[in-house]
Amino acid sequence: MLFRVVAADGTHHIVEVTANNQFDDPVIGCMVVYVHPWTERWLLDQILDAMAADVPADDALEMLLQVAGAETLRAQSAILSDLVDGRAGRVVAVDELDAPLAGPGHDCEADVVDAWTGILDRPIEQIIDVDELPAVLAGPARVRGLKSLWVWPYEHARDDSSRVWTIAWRSQRRLDVDPTRRLMMTRLSRLAGVILDTDRRRSQVEYAATHDGLTGLINRGTFHQHLQRLLRSERERGLTVGYLDLDAFKPVNDRFGHAAGDRVLATVGARLLELAERDDLIAARLGGDEFAVLVHTDDRHDLIALGERIRQAVAGPIELRQGEVVEVGVSIGFAVRELDTDPSSHALVDRADAALYTVKRNGGGVVIDDPVPVLGPSAN
C-alpha cells in the first residue's frame, strides 16, 4: 500500500509499504514490513495523468522538478527551452534557483548568457564540477553549497529552436554517475521534451483552429465567439463592428493570378494586425477579401477617424513576386451595438455587412449604420 508520511523534519513523503507474513518461519516468526520511498514513482504517475488530462505544460514540468529533488538525485533543477540568441524563452525552475543558476533567461546579463551558451552548445550529457564553471555561475553556486552541475539535453529534439535541457545542481561533487541516476536524468529530460513537444503541437492545433492561415488574423468563428461573449456582458455597451471589403481586388486576381491575390490578402492582414495592436482593437478575416474589426467605442468621431486610419493603412503599395506593384482600397461599414436589436454576434455583423454594401453602392468609403450615414470618397 502507499502512504503519505511525515518525517521528523516535518517534510511529507510518499512511501510504499509491503507486508510479508513470516510467522511460519521458525527463525523470523513475525510479520516483516518493508518501507521504501515512493515519491518519485508517485510523481511520475501524476505527470503521466497530467499529460493525459491536458494540464498546462508548466504544471507538469514543475512536477518533474519535484522528481529531481527527490531521493535519487536530490538536485535543485530547472528546465530550459526555446533558446533564441542564447536566451531561453521558457525557464521553469524550483524556487531555490534564480538567476543566474536557473539558466539564461531574458533578464540575465550578457556574461551570464555567454557562460550558459558555452555549456548548452554541447549536444551531449555533461557533469561539471562547480570549480570548472565560469565565475559568474561558480560564485552563486558555491554560496548555495552546490558542487556539481548536470546538464541533459532532450535527445529527440529536431532542431535548435525546439531543444530542451534539464539541468540539475547537486550538493555532491561526485562526478561518476551510477546507472540509476543516469537513467533518472535521461527519463526526466525525455519527459520534459515530450511535455513541451505535446504543448507545441497542441498550441499549433489550437492556433490553426482559431486563426486564418494566410493572414494570421483570427478567423470568422473565433471573431463571432469573442463578440458573442462581449454581447452577453451588459457592461460592454460601447461596441462597434466594422465590416471591410477590399476595393479593386478582383482585377489583381484576374491580371496576376491567385498567388498574387494571396500576397495582397496577406499584406492587408499584416497591416490590419499592426493597426489592431496599436489601436487596441480586434481584427479578423471573415473569408475571401472580407475582413472585420471590433472596437470598444460607439463615438461617431472616433469611428470616422478609425475608418480613415484603416483605409490609409490598407491603401499603401504592395509589391508582388513578379516585381509588379499594386494598390487596393477598402470600404468599411460600421454598426454600433444597440442593446434592443442586437441579440447575437451574427445580427450585429449582418448590420455592418449591410452598411458596407450601402457605401459600396455609393462608390466606396466609410459608413456608420445610424440614421445619419457618413459617406467618404472611394479609397481607390
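Heads up: numbering here begins at 1 and tracks the sequence.
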S.K.: More than 12 heavy atoms of other residues, nucleotides or ligands under 6.0 Å from CG of Asp85: is that the case?
M.R.: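 Not more than 12 within 6.0 Å, no.
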S.K.: Under a single-linkage definition using a 4.5 Å side-chain heavy-atom cutoff for Ile, Leu, Val, Met, Phe, Trp and Tyr, are Ile304 and Val293 assigned to the same hydrophobic cluster?
M.R.: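 Same cluster: Ile304 reaches Val293 through Ile, Leu, Val, Met, Phe, Trp or Tyr contacts under 4.5 Å.
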S.K.: Sort and list the pairs that fulfil side-chain hydrogen bond (donor to acceptor under 3.5 Å, both in side chains) and have at least one residue in residues 12-23, not counting sequence neighbours.
M.R.: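 Qualifying pairs: Thr11-His13, Glu16-His36, Asn20-Gln22.
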S.K.: Please check: side-chain N/O of Arg285 versus main-chain N/O of Gly216, any donor-acceptor pairing under 3.5 Å?
M.R.: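 Not at all, since once roles are kept as given, no pair shorter than 3.5 Å links the two residues.
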S.K.: Would Arg271 and Ile310 satisfy side chain to side chain contact (heavy atoms under 4.5 Å, CB included), going step by step from the backbone distance to the final call?
M.R.: CA-CA 9 Å; Arg271 291 173 178 177; Ile310 293 174; over 6 Å; no
S.K.: Do Arg311 and Glu308 meet the salt-bridge criterion of a basic N to acidic O distance under 4.0 Å?
M.R.: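 Salt bridge: yes.
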S.K.: Decide side chain to side chain contact (heavy atoms under 4.5 Å, CB included) for Val326 and Leu320; before the verdict, give the C-alpha distance in whole Å, the side-chain angles of both, and the deciding distance to 0.1 Å.
M.R.: CA-CA 8 Å; Val326 298; Leu320 305 180; 3.9 Å; yes
S.K.: Does Ala209 offer a backbone N or O that forms a donor-acceptor pair with the side chain of Asn219 under 3.5 Å?
M.R.: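 Yes.
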S.K.: With Val336, which of Leu303, Asp369, Leu239 fulfils side-chain contact (heavy atoms from CB on, under 4.5 Å)?
M.R.: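 Result: among Leu303, Asp369, Leu239, Leu303 is the only option passing the side-chain contact (heavy atoms from CB on, under 4.5 Å) with Val336.
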S.K.: Identify whether Val55 and Leu65 are in the same connected component of the hydrophobic contact network (ILVMFWY, side-chain heavy atoms under 4.5 Å).
M.R.: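 In one cluster: no.
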S.K.: What verdict does the side chain to side chain contact (heavy atoms under 4.5 Å, CB included) test give for Leu188 and Trp152, after you've listed the backbone C-alpha separation in whole Å, the side-chain angles of each residue and the deciding distance to 0.1 Å?
M.R.: CA-CA 9 Å; Leu188 293 183; Trp152 250 248; over 6 Å; no
S.K.: Are any side-chain N or O atoms of Gln126 and backbone N or O atoms of Ile119, one a donor and one an acceptor, separated by less than 3.5 Å?
M.R.: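 Side chain of Gln126 to backbone of Ile119, a donor-acceptor pair under 3.5 Å: yes, one is there.
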S.K.: Under the side-chain hydrogen bond (donor to acceptor under 3.5 Å, both in side chains) test against Lys250, which residue among Asn253, Asp247, Asp254 passes?
M.R.: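 With Lys250 as partner, side-chain hydrogen bond (donor to acceptor under 3.5 Å, both in side chains) holds for just one option, Asp254.
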S.K.: Above 12 or not: heavy atoms from other molecules or residues under 6.0 Å from CZ of Arg41?
M.R.: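 Counting neighbours around CZ of Arg41, 12 or fewer heavy atoms of other residues, nucleotides or ligands fall under 6.0 Å, so no.
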S.K.: Does the salt bridge (charged side-chain N to carboxylate O under 4.0 Å, His left out) test come out yes or no for Asp58 and Arg90, once each step is laid out?
M.R.: CA-CA 9 Å; Asp58 283 358; Arg90 192 174 204 154; 3.0 Å; yes
S.K.: Taking the six-membered ring of Trp169 as reference, does the NZ or CZ atom of Arg144 fall below 6.0 Å from its centre and within a 45° cone about the axis?
M.R.: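 No.
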S.K.: What I want to find out is whether Asp82 reaches Arg87 closely enough, with some N-O distance under 4.0 Å, to be called a salt bridge.
M.R.: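 Salt bridge between Asp82 and Arg87, a charged N being under 4.0 Å from a carboxylate O: no.
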S.K.: For Arg173, is there an ion pair with Asp131 - N to carboxylate O distance below 4.0 angstrom?
M.R.: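 Yes, Asp131 and Arg173 are salt-bridged.
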S.K.: Identify which one of Val252, Asp289, Asp212 satisfies the side-chain contact (heavy atoms from CB on, under 4.5 Å) criterion when paired with Leu265.
M.R.: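 Exactly one candidate clears the test, Asp289.
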S.K.: Can a donor-acceptor pair be found, under 3.5 Å and without considering hydrogens, that links the side chain of Asp302 to the backbone of Asp298?
M.R.: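 Side chain of Asp302 to backbone of Asp298: no pair is present.
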S.K.: Using a distance-only test with no angle check, is there a side-chain donor-acceptor pair under 3.5 angstrom linking Thr72 and Glu40?
M.R.: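 Yes, Glu40 and Thr72 have a side-chain donor paired with an acceptor closer than 3.5 Å.
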S.K.: With a sphere of 6.0 Å drawn around CZ of Arg278, does it hold more than 12 non-hydrogen atoms of other residues, nucleotides or ligands?
M.R.: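 Buried by this count: over 12 neighbours within 6.0 Å.
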S.K.: Is Arg182 paired with Glu125 through a side-chain N to carboxylate O contact shorter than 4.0 Å?
M.R.: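 Here Glu125 pairs with Arg182 in a salt bridge, since their nearest N and O are under 4.0 Å apart.
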S.K.: Could you grab the distance from atom NE2 of His346 to atom CG of Leu231, nearest 0.5 Å is fine?
M.R.: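 Between His346 NE2 and Leu231 CG, I get 10.5 Å after rounding to 0.5 Å.
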S.K.: Tell me, with the steps shown, if Trp165 and Ser81 meet side-chain hydrogen bond (donor to acceptor under 3.5 Å, both in side chains).
M.R.: CA-CA 6 Å; Trp165 293 264; Ser81 65; over 6 Å; no
S.K.: Taking everything shown except Asp107 itself, do over 12 heavy atoms lie less than 6.0 Å from its CG?
M.R.: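 It does not: Asp107 CG has 12 such atoms or fewer within range.
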S.K.: How about Met31: does its CE atom have over 12 heavy atoms from other parts shown lying under 6.0 Å from it?
M.R.: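 More than 12 within 6.0 Å, yes.
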S.K.: Decide whether Val15 and Val33 are clustered together by the hydrophobic rule: side chain heavy atoms of Ile, Leu, Val, Met, Phe, Trp, Tyr closer than 4.5 Å, transitively.
M.R.: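 Yes: a chain of side-chain contacts under 4.5 Å links Val15 to Val33.
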S.K.: When you measure from the side chain of Trp116 to the backbone of Pro100, do you find a donor-acceptor pair of N or O atoms at a distance under 3.5 Å?
M.R.: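 Judged by distance alone, yes, a pair lies under 3.5 Å.
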S.K.: I need the Ile218 CD1 to Tyr207 OH distance, nearest 0.5 Å.
M.R.: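 Here the rounded value is 10.5 Å.
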S.K.: Evaluate salt bridge (charged side-chain N to carboxylate O under 4.0 Å, His left out) for Lys147 paired with Asp129, printing each intermediate quantity in order.
M.R.: CA-CA 6 Å; Lys147 298 179 180 178; Asp129 191 302; over 6 Å; no
S.K.: When you measure from the side chain of Ser148 to the backbone N and O of Gln172, does any donor-acceptor pair fall under 3.5 Å?
M.R.: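 Checking the backbone N and O of Gln172 against the side chain of Ser148, a donor-acceptor pair under 3.5 Å is found.
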S.K.: Quick one, Leu294 with Phe223, criterion side chain to side chain contact (heavy atoms under 4.5 Å, CB included). Give me CA distance, side-chain angles, the key distance, then yes/no.
M.R.: CA-CA 9 Å; Leu294 173 61; Phe223 183 80; 3.8 Å; yes
S.K.: So if you build clusters from Ile, Leu, Val, Met, Phe, Trp, Tyr with side-chain heavy-atom gaps below 4.5 Å, do Leu183 and Leu73 land together?
M.R.: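 No, Leu183 does not connect to Leu73 through the hydrophobic network.
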S.K.: Below 4.0 angstrom, N of the basic side chain to O of the carboxylate: do Arg202 and Asp197 qualify?
M.R.: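 No, Arg202 and Asp197 are not salt-bridged.
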S.K.: Between Thr210 and Glu206 (side chain of the first, backbone of the second, donor and acceptor by atom type, cut-off under 3.5 Å), is there such a pair?
M.R.: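 Answer holds: yes.
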S.K.: Linking I/L/V/M/F/W/Y whenever any side-chain heavy atoms sit under 4.5 Å apart, do Val35 and Trp42 land together?
M.R.: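 They do not share one cluster, since no chain of ILVMFWY contacts under 4.5 Å joins Val35 to Trp42.
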S.K.: Using the salt bridge (Lys or Arg N to Asp or Glu O under 4.0 Å) criterion, which residues pair with Arg309? Sequence neighbours excluded.
M.R.: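 So Arg309 forms a salt bridge (Lys or Arg N to Asp or Glu O under 4.0 Å) with Asp279.
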S.K.: Do the side chain of Thr240 and the main chain of Thr297 share a donor and acceptor less than 3.5 angstrom apart?
M.R.: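 Answer holds: yes.
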